[in-house]
Amino acid sequence: MTVAYPRKLNNAMSARDVLTQVVQQRDIHMITLNRYRYSEQRSCKDLTNLIESIDGKSPELVKDLSHHIADEARHAMWLTDLLVDIGVSVGNPPGTSYIDEFERLLDSENISPEKAWDDFMISSLAAINVTEKRGCEYFSAHIYALKQAPQTEENIKIRETIERILPEETGHVRWGNRWLGKIADRSPEHRQKVNQAKRKYAAIEQAAFESGMDIMAGAELRRLSNLLAVAKEMPIWEQPQYLLERLPETLIAPALQMTRIQLAQRVVKDDPKMFMEKFVPMFFSNLSGIQKPQKKQETQVKAS
Ligand SMILES: [Fe+2]
Ligand SMILES: [Fe+2]
C-alpha cells in the first residue's frame, strides 16, 4: 500500500490523488478498506477507555461518548459486512499502524484526569477531533475517487458504504468543535489552552499519518523531524523528556524495518526485474527530502 503513493513524502499528492490510485488496484483498495474497518473498531476500544478515565466526572461527556462509540461500532459493522460479503480478509492489517503510532506520540503521561481535569478534557477532545478530521478527508476523497472509477457492482457497494459513514464522521468533527469551543469560551486562559492543544494534536496526527505512508530511505530522519515539530508544541520543560522517551523507537523503528522487508520480499517474488529497475531507485529517491523538508500538506477539513 505504501509504495503506491511515495510522492506523498514530498506532499505532492492530495488525498484525492492517493485514493484515485488506490481504487485502481484491487488488492491495495481492499487493504485500505480493511484498515478503515480496523480503525473504526479500534476507536470503540479507545473511546471506552476514555469513558473509564472520565469515571463519571462529566455525565454529559460520558453520554456523548457512549453515542459516539455506537456510531463507530456501526461503521466497523458496515465495513466488516462489506468486506466479508466480497470475500476480503478482515485480519489485523500488517505493517505500521497509524493508530499505534498516534498513541505512541501522545504525551498522556503528562495529562491525567486526576492531575488536571480541564487539561485532560481539552487534550482528549482535541486528539479525537484531529483524527475525525483525517477520517472525513479520506472518506470524502474515497467517494470522489469511486465516482470516477469504473461503476462495477463492487465499487458501487463500497461507495454506498462510505457514503453512509461520512455524514456521521462530519457530525463527530462538529461535535468536537462544539465542545472545544464551549471550553474555550470559559476564559482567555482556556482559549489559549484549547488553541495550543489543537496545534499539538495536529502535529502529532500529521507525524503519525506520515509515518504510515513513508517507508522509503530516510524515513527515520523524516520521523525525527516530525517528532521535533510535536515537541515544539509543548511547554519547554516537557520537551526533553518527551523527545528522549521516543527517540530510540523513532530512529530504530522496528515496525518500519519489518514493513520494508515484507514489501521488498513481495516485490522480488512478483517481479525481480521491477524490483531492481523501479523499486530500488524509488526507495532511495526520497533521500533528498531529508535536506529539503517540504511545506506540510494542509490536511484538515473544514467542519461546517
Ligand atoms: Fe467512524
Ligand atoms: Fe468518527
Side-chain angles (χ1 to χ4, degrees), residues 15 18-19 22-23 29-54 58 60-85 88 90 92-93 97-103 105-106 121-146 157-183 197-198 201-202 204-206 208-209 212 299-304:
V18 170
L19 268 305
V22 166
V23 300
H29 194 187
M30 296 305 130
I31 289 171
T32 304
L33 290 169
N34 189 37
R35 282 187 186 272
Y36 291 166
R37 177 204 64 79
Y38 179 79
S39 296
E40 298 284 4
Q41 198 71 71
R42 175 69 172 268
S43 65
C44 299
K45 190 158 75 173
D46 294 343
L47 291 168
T48 301
N49 286 341
L50 180 58
I51 286 183
E52 290 178 9
S53 301
I54 294 169
S58 169
E60 197 192 346
L61 185 55
V62 170
K63 185 178 160 191
D64 280 1
L65 287 170
S66 73
H67 289 238
H68 196 144
I69 292 167
D71 291 349
E72 303 300 5
R74 195 164 51 246
H75 302 166
M77 177 186 79
W78 287 334
L79 287 162
T80 308
D81 285 352
L82 170 78
L83 291 170
V84 173
D85 286 353
V88 170
V90 285
N92 297 336
S97 152
Y98 161 76
I99 305 172
D100 288 338
E101 185 63 8
F102 186 79
E103 287 184 356
L105 294 170
L106 291 179
M121 289 259 288
I122 292 168
S123 297
S124 304
L125 290 164
I128 294 170
N129 198 238
V130 74
T131 55
E132 296 286 352
K133 283 176 178 170
R134 177 72 74 186
C136 289
E137 184 196 25
Y138 267 69
F139 286 149
S140 80
H142 205 143
I143 292 168
Y144 171 86
L146 282 168
K157 232 173 158 180
I158 295 167
R159 179 172 52 76
E160 285 173 351
T161 304
I162 300 173
E163 280 174 343
R164 279 209 299 273
I165 298 174
L166 179 60
E168 298 196 347
E169 300 297 9
T170 54
H172 294 160
V173 173
R174 283 198 298 273
W175 169 82
N177 288 343
R178 272 199 306 276
W179 266 93
L180 288 166
K182 248 177 15 189
I183 296 171
K198 281 184 179 174
Y201 289 100
I204 288 175
E205 196 280 337
Q206 184 68 31
F209 178 74
T299 55
Q300 298 193 352
V301 290
K302 282 199 189 95
S304 50

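Everything numeric in this text was worked out from a predicted model, so none of it was measured. Numbering starts at 1 and runs along the sequence shown. Note that ligands are numbered from 1 as they come in the structure, with each ligand's atoms numbered from 1 the same way.
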Problem set entry | Residues E205 and K133 bridged, charged N to O under 4.0 Å | no
Exercise. Near the Fe ion (ligand 1), is there an N/O/S atom from E40 that is less than 2.8 Å away?
Worked result: yes
For this session: Check whether any N, O or S atom of E132 sits under 2.8 Å from the Fe ion (ligand 2).
Result: yes
For this session: Determine, using ring centers only, whether H29 and H142 are less than 6.0 Å apart.
Result: yes
For this session: Using the ring of Y98 (Phe, Tyr or Trp, six-membered ring only), decide whether R35 places NZ or CZ under 6.0 Å from its centre and within 45 degrees of its axis.
Result: no
Problem set entry | Distance-minimising heavy-atom pair for A208 and E101 | CA-CG, 3.7 Å
Seminar exercise, completed: Looking at H172, the N, O or S atom sitting nearest the Fe ion (ligand 2) is ND1
Exercise. Quick check: does E72 put an N/O/S atom under 2.8 Å from the Fe ion (ligand 2)?
Worked result: yes
Exercise. Between R134 and E137, is there a salt bridge with N-O shorter than 4.0 Å?
Worked result: yes
For this session: State whether E169 contributes an N/O/S atom found under 2.8 Å from the Fe ion (ligand 1).
Result: yes
Exercise. In H75, the N, O or S atom nearest to the Fe ion (ligand 1) is which?
Worked result: ND1
